[in-house]
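Convention: sequence-line order gives letters A, B, ...; per-chain numbering from 1. Values below: every heavy atom of this structure, side chains too, minus hydrogens, waters and symmetry copies.
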2 protein chains.
Amino acid sequence: MDELLFDVFARNCPSRETMEHATGRWGTLALVALRDGTTRFNALRRRVDGISEKMLSQTLQALERDGLVLREARPTIPPHVEYSLTPLGAAVAGQLFGLIELLEGRMPEVIAARETYDAR
Amino acid sequence: MDELLFDVFARNCPSRETMEHATGRWGTLALVALRDGTTRFNALRRRVDGISEKMLSQTLQALERDGLVLREARPTIPPHVEYSLTPLGAAVAGQLFGLIELLEGRMPEVIAARETYDAR
DNA sequence: CGGTATCCGTACTGATACTG
DNA sequence: CAGTATCAGTACGGATACCG
């Protein structure tokens with residue numbers, strides 16, 4: 001663990017900040033949704049169930065700022081804006097998707113654990 | 001993506017809930033800290049910089065309930081409580097650590113992206 | 001269509017104090 | 001040591017309305 005350049009456990013670690021953007025409630029879902037390919041704002045909004053316009057906007061801005069997401073706006077009327085993953089974003093999204101797969105595959109264990117825990 | 005049992009993108013998906021526990025602000029740090037081995041409450045608290053007793057307690061309870069963390073209390077005075085990863089928790093923590101490594105290794109890209117973004 | 005601005009409730013957060 | 005209880009602040013999040 002000590003061979004890492006930054007210490008995620010430390011308060012003001014820049015990687016901890018980016019981690020929070022990527023693993024936050026909406027960040028993960030946005031990144032994983034973009035693995036399916038370039039997507040427009042409202043399509044993304046429909047894909048990620050429950051996200052508001054505001055949160056999607058904020059999430060995408062944070063991810064764009066960190067260089068995980070690429071935003072391309074065409075100056076047409078009506079506006080046409082496309083979001084996609086940068087190479088770095090694709091790597092992060094892949095890792096996150098691995099986590100989702102892992103968890104989904106083992107949800108029976110999780111559910112069983114919850115029942116055991118709650119039976120007290 | 002459709003081959004998954006649950007749909008993380010859906011609002012009331014049980015895996016989305018567990019994802020949020022594991023990837024939440026403190027969940028990730030607690031899980032990764034426990035990769036170093038069985039740890040006591042206050043040791044964990046010192047390791048994860050900035051976490052309050054309350055948040056650590058809540059975080060550990062959520063992870064224990066999901067079957068990611070094992071809590072073992074010895075009825076001594078003073079109390080001696082040890083936290084460790086379950087096999088499932090270890091798998092999740094490993095995946096999260098992979099993400100941290102990835103991000104730490106590429107922080108220069110992130111920092112550069114931020115500077116580009118802010119220069120507008 | 002793709003946002004931003006505003007309002008407003010609540011849920012999270014951290015200090016502090018206290019207990020077994 | 002390992003928590004719980006209580007409380008005040010804030011930042012998160014959603015709904016709505018509006019703009020280019």
Between A:Tyr117 and A:Arg120, is there a cation-pi geometry (under 6.0 Å to ring centre, at most 45° from the normal)?
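Satisfied, under 6.0 Å and within 45°.
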Evaluate the side-chain contact (heavy atoms from CB on, under 4.5 Å) criterion for residues A:Val69 and A:Leu31: first the C-alpha distance (whole Å), next the side-chain angles of each, then the deciding distance (0.1 Å), finally the verdict.
CA-CA 8 Å; A:Val69 161; A:Leu31 287 170; 4.0 Å; yes
Quick check: does any side chain N or O of [X] sit under 3.5 Å from a backbone N or O of [Y], one acting as donor and the other as acceptor?
X       : Y       : answer
B:Ser57 : B:Glu53 : no
A:Gln95 : B:Leu96 : no
B:Arg16 : B:Phe9  : yes

Using heavy atoms to find the nearest nucleotide of DNA chain D for B:Gln58 and B:Arg46 separately, return the residue whose nucleotide is more 5′.
B:Arg46
Is there a side-chain contact between B:Ile100 and B:Val32 in this structure, where contact means two heavy atoms from C-beta onward sitting under 4.5 Å apart?
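Yes, side chains in contact.
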Reading DNA chain C from 5' to 3', where do the contacts with chain B start and stop? Cut-off is 4.0 Å to heavy atoms.
C:dT13 to C:dG20
I would like to know whether A:Leu60 and A:Leu44 meet side-chain contact (heavy atoms from CB on, under 4.5 Å); could you show each step before the answer?
CA-CA 10 Å; A:Leu60 289 171; A:Leu44 221 39; 4.0 Å; yes
Classify the side-chain pair A:Thr39/A:Arg46 by whether it contains a donor and acceptor separated by less than 3.5 Å.
no
If we count only N and O atoms by modelled type, under 3.5 Å, do the side chains of A:Glu82 and A:Thr38 hold a donor and an acceptor together?
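Short answer, no.
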Rounded to 10°, tell me the angle between the two end axes of the helix from C:dC1-D:dG20 to C:dG20-D:dC1, each built from five pairs.
50°
Answer with base, sugar-phosphate or nothing: what part of the nucleic acid does [X] contact at a heavy-atom distance below 4.0 Å?
X       : value
B:Arg25 : sugar-phosphate
A:Arg71 : sugar-phosphate
A:Glu82 : nothing
A:Gly24 : nothing

Test side-chain contact (heavy atoms from CB on, under 4.5 Å) on B:Thr18 and B:Val92; report intermediate values, then the result.
CA-CA 11 Å; B:Thr18 303; B:Val92 170; over 6 Å; no
Provide the start and end nucleotides, 5' to 3', of the part of DNA chain D that has atoms under 4.0 Å from heavy atoms of chain A.
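It runs D:dG13 to D:dG20.
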By nearest nucleotide on DNA chain C, pick out whichever of A:Lys54 and B:Ser52 is the more 5' one.
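Upstream on the strand: A:Lys54.
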Along DNA chain C (nearest heavy atom to each residue), the more 5'-positioned of A:His80 and B:Pro79:
A:His80
Under the criterion side-chain contact (heavy atoms from CB on, under 4.5 Å), I'd like the reasoning laid out for A:Trp26 against A:Leu56: C-alpha separation, chi angles, the key distance, then a yes or no.
CA-CA 7 Å; A:Trp26 301 119; A:Leu56 181 56; over 6 Å; no
